[in-house]
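Atoms within a ligand are numbered from 1 in the order they appear, just like the ligands themselves. What you see below is based on every heavy atom in this structure, not just the backbone, and it leaves out hydrogens, waters and symmetry mates. In this chain, numbering begins with 1 at the start of the sequence shown.
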Amino acid sequence: MHPDFLTITEDGRLMLKKAVADGVETVWDRYQAQLPQCGFCELGLSCRNCVMGPCRIDPFGEGPQRGICGADVDIIVARNLGRMIASGSASHSDHGRDLVEVLRSVADGKAPGYGISDEEKLIRVAKELGIRIDGLDVSEVARRVSEVLEEDFGTKKREVSFVTRVPKARRELWEKLNITPRGIDREVVEMMHRTHMGVDNDWVNLLLHGLRTALADGWGGSMIATEVSDILFGVPKPIQSEVSLGVLKESHVNIILHGHNPLVSEMIVQASQDPDIVAMAKEVGASGINLAGLCCTGNEVLMRRGIPMAGNHLMTELTIATGAVEMVVVDYQCIMPSLATVANCYHTKMISTSNKAKFPGMVHREFRPDNAKELAREIVKEAVENFKNRIPGKVFIPIRPVKVFTGFSVEAILEALGGSLDPLVDAIKSGAIKGAVGVVGCNNPKIKHDFGHVNLTKELIKNDILVVDTGCAAVAHGKAGLKQLEAANLAGEGLRKICQALSIPPVLHVGSCVDNVRILVLAAALANHIGVDISMLPLAAAAPEWYSEKAVSIACYAVASGIFTVLGVTPPVLGSKNIVKLLTEDIERIVGARFAIEPDPQKAARLIIDHIRARREALGLS
Ligand code: BF8
Ligand code: SF4
């Protein structure tokens with residue numbers, strides 16, 4: 001297919017042509033090869049939870065209407081959705097656990113290279129967790145914080161710690177519905193249990209537990225990941241940087257950081273600045289070492305260090321196809337197993353770093369808290385040495401970088417507002433800002449690359465709706481220029497004036513996908529400030545191009561937290577009319593929010609604008 005149909009981005013289009021010329025197979029090629037995709041699976045109507053099956057239900061009502069065990073469409077769709085949530089929640093939460101373990105190692109003095117970057121945040125979180133810090137040194141506070149958070153994964157407590165941040169009305173609702181997340185691992189394990197053959201066959205009951213499993217992610221695992229990352233590596237502050245493949249530098253050793261957890265990438269950042277290694281780079285004829293990010297590891301180091309971002313999910317293969325990359329260092333999640341095959345066409349070295357995530361064709365160099373600092377140095381040196389193997393005739397860096405203004409943690413947003421939520425509340429009350437929307441999530445070859453994100457977001461800001469973003473959506477917006485102060489000119493008059501007064505862009509980057517919890521924290525703080533539940537606020541969320549199970553978990557915790565959520569890609573639920581009705585209609589009466597499915601960004605924007613208008617009216621705002 002012609003690149004113009006596959007992506008809206010210029011670097012993407014140019015690189016797709018190069019990929020063809022270089023004989024590189026991409027995710028789009030493999031997507032075409034899979035068509036037509038299985039209709040049963042698309043509808044959620046296939047089950048292989050046991051080996052009496054696999055089973056499938058005929059959506060036209062002519063063939064079998066029950067699996068071999070007797071499960072009907074509702075049970076099968078609910079079980080499949082439940083397992084997607086469990087996987088997504090597990091992924092974010094296991095990422096959080098790794099950070100807690102490093103925090104513990106730091107406290108024990110067993111993690112050279114790591115440290116507490118933000119003592120203030122450590123103390124704040126410790127107090128929030130009910131830890132008495134008087135007379136304790138920083139290491140001891142860190143140890144106790146790690147102990148309390150470790151317990152959030154098990155079943156020792158009645159609820160995960162950060163549920164205390166949830167507005168009272170919502171906590172009471174969760175208690176009434178019996179969906180307060182207890183332990184993170186517990187909810188995920190229980191979902192796997194319930195979806196085994198012959199356990200939970202009440203689809204409503206199953207889906208309620210799905211919400212609880214997702215809440216264990218949003219107010220548990222992901223929130224732990226974000227908070228501990230901030231403690232270890234610093235709370236992001238507004239910072240200028242750049243995005244697009246143009247951030248690669250022909251004259252430099254280019255190292256790409258890909259995956260999700262900042263634990264490895266932060267060490268690579270440190271090593272790449274060591275004077276002896278920089279000198280080595282000069283010796284091999286490079287002007288220096290250039291780091292660039294991909295996906296959410298990229299977002300982590302972009303937010304905290306201003307490390308430029310090469311691209312999002314669908315750009316990962318194309319980044320290697322520039323021929324300008326000496327090394328890609330990956331941790332885990334969203335790393336296509338095809339990457340090393342692409343790297344084989346060039347000189348690029350591929351390094352995997354987590355025992356949990358090994359890949360064919362990659363060299364495995366395992367990072368642990370105790371060896372990370374030294375290993376990072378070794379790996380960066382290897383990248384430097386690889387510079388001489390670059391094949392100049394294969395190098396093509398397609399465009400110039402695009403400027404972005406990033407680093408908007410909740411703390412940074414509050415600071416931009418002068419330390420209080422009042423200016424934001426006032427702007428919402430006056431209607432200068434009509435509401436706020438989190439536009440988040442992935443790329444998916446089923447949607448023209450970045451088309452959903454950019455068009456939805458442009459329409460929202462035009463209508464005076466502030467956009468906050470994370471994940472691959474944030475990269476799309478950055479490349480479209482929406483993270484520059486000048487982008488305020490694309491906003492409606494009210495939002496434009498606020499942005500100009502505060503010197504912020506109309507699209508605020510709040511981080512990686514685990515950092516979606518920053519949006520939860522902000523929403524909860526706003527709700528508490530005004531004295532209402534989150535569901536009453538003029539807020540919404542959208543995942544225009546999502547692909548991942550993590551996105552399912554995020555969408556479910558958003559809705560269970562009271563935030564209307566629009567999905568641009570249809571989840572595999574259409575096989576059950578009951579479940580579609582529950583998720584898109586009836587659930588609003590239960591948790592005060594619902595899902596909508598709308599691939600057209602203009603129509604999705606309309607749904608969101610209408611929702612925000614209704615919420616404003618209910619609050620008595622014009
Ligand atoms: O956690 S947005 S494609 S990179 S899953 Fe993956 Fe999706 Fe990108 Fe980040 Ni999130
Ligand atoms: Fe078939 Fe039931 Fe087994 Fe699923 S659990 S594969 S529907 S028999």
Worked check of side-chain hydrogen bond (donor to acceptor under 3.5 Å, both in side chains) between Ser338 and Glu317:
CA-CA 8 Å; Ser338 62; Glu317 293 171 313; 2.5 Å; yes
Apply side chain to side chain contact (heavy atoms under 4.5 Å, CB included) to Ile307 and Val269, showing your working.
CA-CA 9 Å; Ile307 302 284; Val269 172; 4.1 Å; yes
Check step by step if salt bridge (Lys or Arg N to Asp or Glu O under 4.0 Å) holds for Lys603 and Glu598.
CA-CA 7 Å; Lys603 290 182 187 161; Glu598 180 50 69; 5.0 Å; no
Can you list the steps and then say if Asp74 with Val204 is a side chain to side chain contact (heavy atoms under 4.5 Å, CB included)?
CA-CA 9 Å; Asp74 300 327; Val204 177; over 6 Å; no
Please report the C-alpha distance between Val264 and Val329 in whole Å, then the side-chain angles of each, then the deciding distance to 0.1 Å, and finally whether the side chain to side chain contact (heavy atoms under 4.5 Å, CB included) criterion is met.
CA-CA 8 Å; Val264 171; Val329 183; 3.9 Å; yes
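Just one residue in the list Asn355, Thr297, Thr353, Asp98 forms a side chain to side chain donor-acceptor pair (under 3.5 Å) with Tyr332, and that residue is Asp98. Remark: of the listed residues His95, Glu300, Lys550, Lys550 is the sole one forming a side chain to side chain donor-acceptor pair (under 3.5 Å) with His260.
Nearest non-hydrogen protein atom to atom 3 (Fe) of ligand 2 is Cys50 SG, 2.3 Å. Looking only at heavy atoms of the protein, atom 10 (Ni) of ligand 1 is closest to Cys513 SG, 2.2 Å. Protein heavy atom at the shortest distance from atom 1 (Fe) of ligand 2 is Cys55 SG, 2.2 Å. Residue, atom and distance of the protein heavy atom nearest to atom 2 (Fe) of ligand 2 are Cys69 SG, 2.3 Å. With hydrogens left out, the protein atom closest to atom 8 (Fe) of ligand 1 is Cys472 SG, 2.3 Å, a heavy atom.
For ligand 2, the atoms lying closer than 4.0 Å to a non-hydrogen atom of Gly67 are 7 (S). The ligand atoms of ligand 2 that sit less than 4.0 angstrom from a heavy atom of Ile68 are 1 (Fe), 8 (S). Ligand-side atoms of ligand 1 in range of Cys295: 4 (S), range being under 4.0 angstrom from any heavy atom. Interface of Ser548 with ligand 1, defined as ligand atoms under 4.0 Å from a residue heavy atom, comprises 5 (S).
Between atom 5 (S) of ligand 2 and the options Met52, Arg79, His196, the minimum heavy-atom separation is to Arg79. Here the shortest heavy-atom distance to atom 6 (Fe) of ligand 1, taken over Cys334, Gly88, Ala551, Gly471, belongs to Cys334.
Contact annotation: Gly441 has at least one heavy atom less than 4.0 Å from an atom of ligand 1. Under a 4.0 angstrom heavy-atom cut-off, Arg66 registers as lying outside contact with ligand 2.
Close N/O approach between His260 and ligand 1 is found [any backbone or side-chain N/O within under 3.5 Å]. For ligand 1, one of its N or O atoms has an N or O atom of Lys550 under 3.5 Å away.
No hydrogens or angles considered: a donor-acceptor pair under 3.5 Å links the side chains of Glu549 and Ser87. His209 and Thr213 share a donor-acceptor pair across their side chains, judged by distance under 3.5 Å alone.
Taking the centre and axis of the six-membered ring of Phe40, the NZ or CZ atom of Arg56 falls inside the cone set by 45° and 6.0 Å.
Among the backbone and side-chain atoms of Cys296, an N/O/S atom is found under 2.8 Å from atom 9 (Fe) of ligand 1. Among the atoms of Cys47, none of the N, O or S atoms falls under 2.8 Å from atom 2 (Fe) of ligand 2.
Residue-level proximity to ligand 1 for Cys442 is carried by backbone and side chain together, each with a heavy atom below 4.0 angstrom. When non-hydrogen atoms are compared, ligand 2 lies under 4.0 Å from neither the backbone nor the side chain of Arg56. Residue-level proximity to ligand 1 for Trp546 is absent, since no heavy atom of it falls below 4.0 angstrom.
Taking the charged nitrogens against the carboxylate oxygens, Glu227 and Arg165 do have a contact shorter than 4.0 Å, which makes a salt bridge.
Checked against the 6.0 Å centroid threshold, Tyr547 and His313 count as a close aromatic pair.
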